[in-house]
2 protein chains.
Amino acid sequence: MKTTVTVPIPELPESDHHNCRALGQILDRVGDKWTVMVVGVLSRGPLRFNQMMREIGGVSHRMLTLTLRSLERDGLVTRTAYATIPPKVEYALTDAGSSLIEPLRALSNWAIEYRPVIDQARAEYDMRVI
Amino acid sequence: MKTTVTVPIPELPESDHHNCRALGQILDRVGDKWTVMVVGVLSRGPLRFNQMMREIGGVSHRMLTLTLRSLERDGLVTRTAYATIPPKVEYALTDAGSSLIEPLRALSNWAIEYRPVIDQARAEYDMRVI
DNA sequence: CAGTATCCAGTCGGATACTG
DNA sequence: CAGTATCCGACTGGATACTG
């Protein structure tokens with residue numbers, strides 16, 4: 001007899017809906033490009049505003065501000081202002097912010113591993129369609 | 001006044017950047033709400049179009065179509081059309097698509113664990129600001 | 001240096017209507 | 001049932017200019 005093929009799909013057993021919802025909401029908050037970038041560069045240590053702008057390339061002044069405000073509001077980043085002239089403001093990850101690095105790294109590894117696969121799939125798809 | 005600033009740059013600056021870029025690009029592709037939802041519901045097995053619409057609540061006809069096209073193009077989902085009347089089209093995860101579940105679950109677990117923390121941080125932040 | 005405010009072009013996505 | 005096409009309001013985010 002033929003054995004049933006056991007597909008190696010890790011299941012999301014019971015409360016998958018609940019999980020998806022929670023994940024969806026979190027992704028709305030931390031899943032955007034700049035948030036990830038900020039967490040990434042801050043994972044190596046605290047940075048000042050303009051340092052961060054240089055580290056992350058291509059982010060506008062405005063967007064970095066908004067992203068940092070949002071992260072600060074969510075308790076993932078701390079903002080420390082020194083009353084010097086010129087002003088100096090340091091941003092750093094909180095414990096909660098640091099804890100986000102691990103899952104993001106998991107996704108990053110996936111991205112690195114599967115990017116070639118995706119790129120090829122796209123190329124083939126576009127071949128067929130065009 | 002002459003100042004020489006020696007910036008304490010940690011090692012592996014390029015690979016970190018590279019990782020962030022890769023992750024950022026992947027998040028642009030798979031990091032949106034509906035993509036995550038689709039992968040989530042398909043993780044339990046193949047589904048037809050309208051089944052999926054019902055499983056995922058709140059997704060519009062149009063967005064589900066676009067999301068599925070995009071996933072198909074990236075080789076994460078297969079589309080199988082049966083020439084019956086009425087038409088029947090089944091969507092399923094590819095191996096690449098399935099492999100995405102693990103890192104997404106890592107993020108999902110983080111979301112579930114830290115949602116209360118975030119919510120409280122927000123509440124406190126809004127307290128202080130308002 | 002760090003941050004705010006304003007403008008506005010481009011994009012996103014829902015609603016709707018129509019086809020095989 | 002599954003998919004396409006069109007319209008259009010809402011939101012996004014960059015550029016720019018100004019403040020402490």
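Keep in mind that this is a model prediction, so the values were computed, not measured. Atoms considered below: every heavy atom in the structure, side chains included; atoms not considered: hydrogens, waters and symmetry mates. In what follows, chains are A, B, ... by sequence order, proteins preceding strands, each numbered from 1.
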*Would you kindly give the CZ-to-C1' distance between B/R69 and C/dG13, to the nearest whole Å?*
17 Å
_Go nucleotide by nucleotide along DNA chain C from the 5' end; which of B/V59 and A/P87 gets its closest nucleotide reached first?_
A/P87
*Dot-bracket notation for DNA chain D, counting Watson-Crick and G-U pairs under 3.5 Å, with | for partners on another strand*: ||||||||||||||||||||
*Check against side chain to side chain contact (heavy atoms under 4.5 Å, CB included), B/T65 and B/H61*: CA-CA 6 Å; B/T65 301; B/H61 197 147; 3.8 Å; yes
_So, applying side chain to side chain donor-acceptor pair (under 3.5 Å) with B/E124, which one of B/R122, B/R128, B/Q120 is it?_
B/Q120
_Close side-chain approach of A/V77 to A/V39, heavy-atom, < 4.5 Å_ = no
_More than 12 heavy atoms of other groups within 6.0 Å of A/D126 CG_ = yes
*Evaluation steps, side chain to side chain contact (heavy atoms under 4.5 Å, CB included), between B/T67 and B/V59*: CA-CA 10 Å; B/T67 302; B/V59 62; 5.8 Å; no
*State, with a plain yes or no, whether a side-chain heavy atom of A/R62 is found less than 4.5 Å away from one of A/L66.*
yes
*Indicate, with yes or no, if A/L47 and A/Y82 share a hydrophobic cluster defined by side-chain heavy-atom contacts under 4.5 Å among Ile, Leu, Val, Met, Phe, Trp and Tyr.*
no
*5′-ward residue of the pair A/K33/A/H61 relative to DNA chain D*: A/K33
*At under 4.0 Å between heavy atoms, what does A/Y91 touch on the DNA or RNA strands: base, sugar-phosphate, or nothing?*
sugar-phosphate
*Is it true that a side-chain atom of B/S108 and a backbone atom of B/L104 form a donor plus acceptor pair closer than 3.5 Å?*
no
*Can you give the first and last nucleotides of DNA chain D, 5' to 3', that have an atom under 4.0 Å from a heavy atom of chain A?*
D/dG13 to D/dG20
_Spacing of A/R62 atom CZ relative to C/dC8 atom C1', expressed in whole Å_ = 11 Å
